[in-house]
Structures are given as C-alpha cells and as structure tokens.
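Below, chain A is the first sequence line, B the second, and so on; all start at residue 1. Side chains are part of it too, since the values below use all heavy atoms of this structure and drop only hydrogens, waters and symmetry mates.
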Protein chains: 2
Amino acid sequence: MNLPPLVQSFVLHFGEMGSRWGISRTVGQIYALLYLSPVPLNADDMVEKLGFSRSNVSMGLKELQAWNLVRLQHVPGDRRDYFSTPDDLWTIVRTLAEERKKREVDPTLSVLRDLLMQNPSSEEERHAQARMRETHEMIELLTGWYDDVRRLETERLVQLLSLGAKVQKILEVKDRLFSLPGSRGRSDDTKERA
Amino acid sequence: MNLPPLVQSFVLHFGEMGSRWGISRTVGQIYALLYLSPVPLNADDMVEKLGFSRSNVSMGLKELQAWNLVRLQHVPGDRRDYFSTPDDLWTIVRTLAEERKKREVDPTLSVLRDLLMQNPSSEEERHAQARMRETHEMIELLTGWYDDVRRLETERLVQLLSLGAKVQKILEVKDRLFSLPGSRGRSDDTKERA
DNA sequence: ATGTAATTTCAGAAATTTCTGAAAGATGGA
DNA sequence: TCCATCTTTCAGAAATTTCTGAAATTACAT
C-alpha cells in the first residue's frame with residue numbers, strides 16, 4: 001500500500017468497517033481513498049495506491065456505482081475513467097440511507113405485507129402474525145419519519161438534529177398553547193400524515 | 001426445518017437479512033424464531049425446528065447474548081436454559097441501536113480523533129484531515145441526536161417520530177414568536193447542547 | 001464422590017466470499 | 001480499417017466465514 005500514513009490509517013479502518021456492513025474490505029478501501037482524495041482518481045491510480053489487482057478495482061468500482069456512491073468523470077485529453085465522491089458529505093449520507101433502505105427495508109416490508117395477508121392456521125401462527133404486524137408497524141413508523149426528514153434541506157435537517165430531544169420541550173409548549181383542555185393534542189398531528 | 005409455513009418464511013427472510021448485517025444466517029434465524037415464539041425455547045427446541053447442529057445453536061445463542069438481545073430464563077423443574085426475546089419491540093430496537101453504535105460508531109470516532117491529533121506532513125494529508133474533520137463532526141452531530149432521543153420514553157419517541165418533518169413547522173412558529181427581528185433564532189438552540 | 005443431563009469448546013470440513021490473471025470487449029484515434 | 005489503450009468478465013485460486021461432530025466442561029441430583 002502506497003499512501004501517506006494518515007490516509008492509510010483511515011483507509012484501513014474503513015476497509016474493516018466496510019466488512020461489518022454489506023460491502024467488502026476492498027470496496028471500503030476504495031471508497032475511503034476516493035473520499036479523501038483531493039482529485040479524481042482512475043483505476044490505475046487505485047491499483048498503485050492500494051495494491052490490489054486491476055480486476056478487483058474494476059469490480060469494486062462497479063459496486064460503488066451500483067450504490068450511486070461515486071461520480072464518473074473525464075479529464076480532457078485522457079480517455080481513462082476518473083472517479084470521485086460527492087464533495088458534500090450530506091449527499092453521501094443521504095445516498096447511503098436511500099440505498100440501504102432500498103436493499104434492506106423495502107424487501108422486508110414486502111415480505112411482511114405478504115405474510116400478513118395469509119390466513120393463520122393455528123394458534124401459533126396467529127401469535128406469529130401478531131408479532132409481524134407489530135414489526136410492520138414499527139418499520140412503517142420509522143420509514144415514515146425518514147421519508148419526511150429526508151426531504152428537508154440540509155440546513156434545516158442539521159438544525160433539527162442539533163436540537164435533539166429539546167424539540168420535546170417545544171412540543172409541550174405548543175400543546176399547552178393550542179390544545180383544548182382535556183385533549184392530548186395529538187390527534188390531528190398523527191392523522192395528517194396519511 | 002420444522003415450522004409452520006408463516007413462521008418459516010419469516011425465519012428464512014430474517015436469516016438472509018441477517019447476513020447483510022454483521023450476523024450470520026444462523027444467528028438471524030435463531031433470533032427470528034425466538035422473536036415469533038409465544039413461549040421461551042431451549043436449545044434442543046431450536047435444533048429440532050431449524051435443523052442445524054447443536055453446537056451451532058450454542059454458538060448462535062452465545063452471540064445473541066453478547067448482543068444483549070435475548071433473555072435467559074428457567075422453567076421450574078427443568079434444568080435446561082430457555083431463551084426469549086423482550087416482549088417489547090422498542091426494547092429490541094433500542095438494544096440493537098446501542099450495540100451497533102458500540103461496535104461500529106465508537107471505534108470510528110476514536111480512530112478519527114486519533115488521526116485528527118496528528119500533524120499533516122503534506123498538502124495531501126492536510127486535505128485528508130479536513131475531510132476527516134468534517135466526517136467527525138457529522139458523526140458527532142448524529143450520535144448527539146441519538147443520545148438525546150434514546151433517553152425519551154417510548155411514548156414520547158413515537159410521538160416525535162409520527163410528527164416527522166412537521167416539527168419544522170412548529171419550529172418556524174416558535175422562531176417567529178421568540179426571535180429578535182433580524183436574528184435567525186438559532187444561536188441559543190445550538191449552543192445549549194454543550 | 002459418582003452419574004447423568006446439559007452446555008461449551010474447538011479442530012477440521014464445508015460453504016461462501018473475495019480476489020486474481022488471462023482473455024474478451026469497448027472505445028477512439030490514425 | 002487496424003492498432004493501441006482502457007475496461008469488463010469470468011473461471012478458478014485464495015482467504016474467510018460458517019458449521020459440525022467429538023470431546024471437554026459444567027452443574028446438579030443422588
């Protein structure tokens with residue numbers, strides 16, 4: 001591996017982390033390298049810096065493209081493909097969330113919906129289905145929230161995240177101000193979503 | 001595999017999903033089985049229902065215990081170990097988040113902090129460090145938020161999630177009500193966190 | 001203590017995933 | 001067109017992960 005020490009440590013760490021996620025060590029390293037690079041890199045650059053085979057780099061780049069995580073560009077007068085990551089880290093995070101949802105959450109939701117349609121033919125299956133219904137509801141709640149916040153502009157999103165649980169306080173104020181006495185002040189909020 | 005069809009489909013699906021996460025197919029299946037089961041199960045039950053070796057089940061249970069995802073219990077007059085998942089799905093989700101943070105995020109933060117302490121010895125390293133700083137900040141923002149909301153009672157958390165991006169609207173109202181003219185109304189919100 | 005039932009460990013087998021080199025396929029001049 | 005350069009594909013090699021059976025360990029009852 002042919003990299004400045006700081007870069008190398010980062011690249012190695014992300015390789016390891018990569019394998020805890022769905023991606024391979026190689027792909028993790030390629031991405032880390034691109035992420036830190038001040039300029040776009042071509043496949044041979046990566047071969048040279050990371051020290052694995054040309055074909056492995058090719059595979060890795062293909063996978064990163066499937067994840068929408070890299071941009072392919074061209075340098076004038078050079079017909080090799082150059083790759084880079086988006087400059088804005090938020091763009092990367094959003095893409096990551098989107099793609100993971102597509103690969104992991106959506107298929108699960110679809111399986112759950114399918115199983116919930118079927119008729120339980122025993123007490124055991126009835127209980128299992130109840131559990132699945134619960135699971136389905138939680139995932140819908142979570143993805144519903146995600147679907148909402150991903151539409152926010154980054155600045156707004158950051159603001160919201162910085163606030164953390166303090167939103168809670170503001171909600172309480174709002175409840176006190178606008179709810180009818182006796183009401184919990186939630187009905188209209190929760191319904192509107194649908 | 002010796003399971004009612006509904007249960008089997010669910011178990012198989014979670015086995016596959018499991019391998020997209022850090023856990024093996026086996027572990028995923030064991031957990032899915034426990035999750036759907038109306039009663040606690042012992043290791044032999046699992047061997048019988050899932051059809052893999054006793055030792056594999058033992059390993060799987062050990063891993064699930066390391067993740068804090070199962071409860072070990074005993075039935076009177078039987079000295080085998082029985083396992084179950086928490087009844088409350090939120091408890092499971094919270095544990096999952098906690099453990100994943102511990103395994104994935106915390107080590108990354110620590111590597112980043114370490115690398116940010118070091119002196120860049122080239123323009124390339126300087127640029128890389130800037131990128132790492134950005135990364136570090138984003139992770140801190142995200143985990144800060146997480147740290148905040150995980151303390152909420154479940155009911156409050158659900159309320160917050162149901163609200164989705166509509167909090168934004170309420171914040172705008174609050175800004176209009178309480179900000180000095182010309183101020184963006186953010187300074188106190190963001191500072192208070194520290 | 002001794003025996004029995006249950007659990008864990010662990011070395012190697014089996015399966016899966018990752019990686020490579022060689023060959024095939026593109027692409028863009030001359 | 002042909003040639004040079006770059007990229008992709010793919011079959012098998014290498015590495016890693018998962019799984020098993022046998023042996024070791026633990027825990028409890030007599």
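Contact annotation: the side chain of T143(A) approaches that of K101(A) to within less than 4.5 Å [non-hydrogen atoms, C-beta and beyond]. You'll find the side chain of V70(B) reaches within 4.5 Å of the side chain of Y31(B), heavy atoms only. The shortest side-chain heavy-atom distance between D114(B) and Q118(B) falls under the 4.5 Å cut-off.
No cation-pi contact links R100(A) to W67(A), judged by a cut-off of 6.0 Å to the six-membered ring centre and 45° from its axis.
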For a quick check, with a 4.0 angstrom heavy-atom cut-off, what is the B/S/- contact string for nucleotides 24-30 of chain C, read 5' to 3'? ---BS--
Counting primed atoms, P, OP1 and OP2 as sugar-phosphate and everything else as base, the B/S/- map of nucleotides 13-23 of chain C against protein heavy atoms under 4.0 Å is ---S-SSBB--
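Taking atom CZ of F83(B) as the reference point, atom P of dA6(C) lies 14 Å away to the nearest angstrom. A straight line from CD of Q65(B) to P of dT7(C) spans 11 Å, rounded to a whole angstrom. R80(B) has its CZ atom 16 Å from the C1' atom of dA29(D), to the nearest Å. At whole-Å resolution of the value, NE2 in H74(A) and P in dT5(D) are 17 Å apart. The nearest whole Å value for the distance from the CG atom in L61(A) to the P atom in dT8(D) is 8 Å.
Side-chain heavy atoms closer than 4.5 Å link hydrophobic residues (I, L, V, M, F, W, Y) into clusters, and following such links, even through other members, never connects M17(B) to M132(A).
Within the nucleic acid shown, N42(B) has no heavy atom closer than 4.0 Å to any nucleic acid atom.
With sequence neighbours excluded, the residues that form a salt bridge (charged side-chain N to carboxylate O under 4.0 Å, His left out) with E123(B) are R126(B).
Checking side-chain atoms of H127(A) against main-chain N and O of L36(B) turns up a donor-acceptor pair under 3.5 Å. For E125(A) (side chain) and L6(B) (main-chain N/O), a donor-acceptor pair under 3.5 Å exists by modelled atom type.
Note on K62(A): every side-chain N or O is 4.0 Å or more away from OP1 and OP2 of dT7(D).
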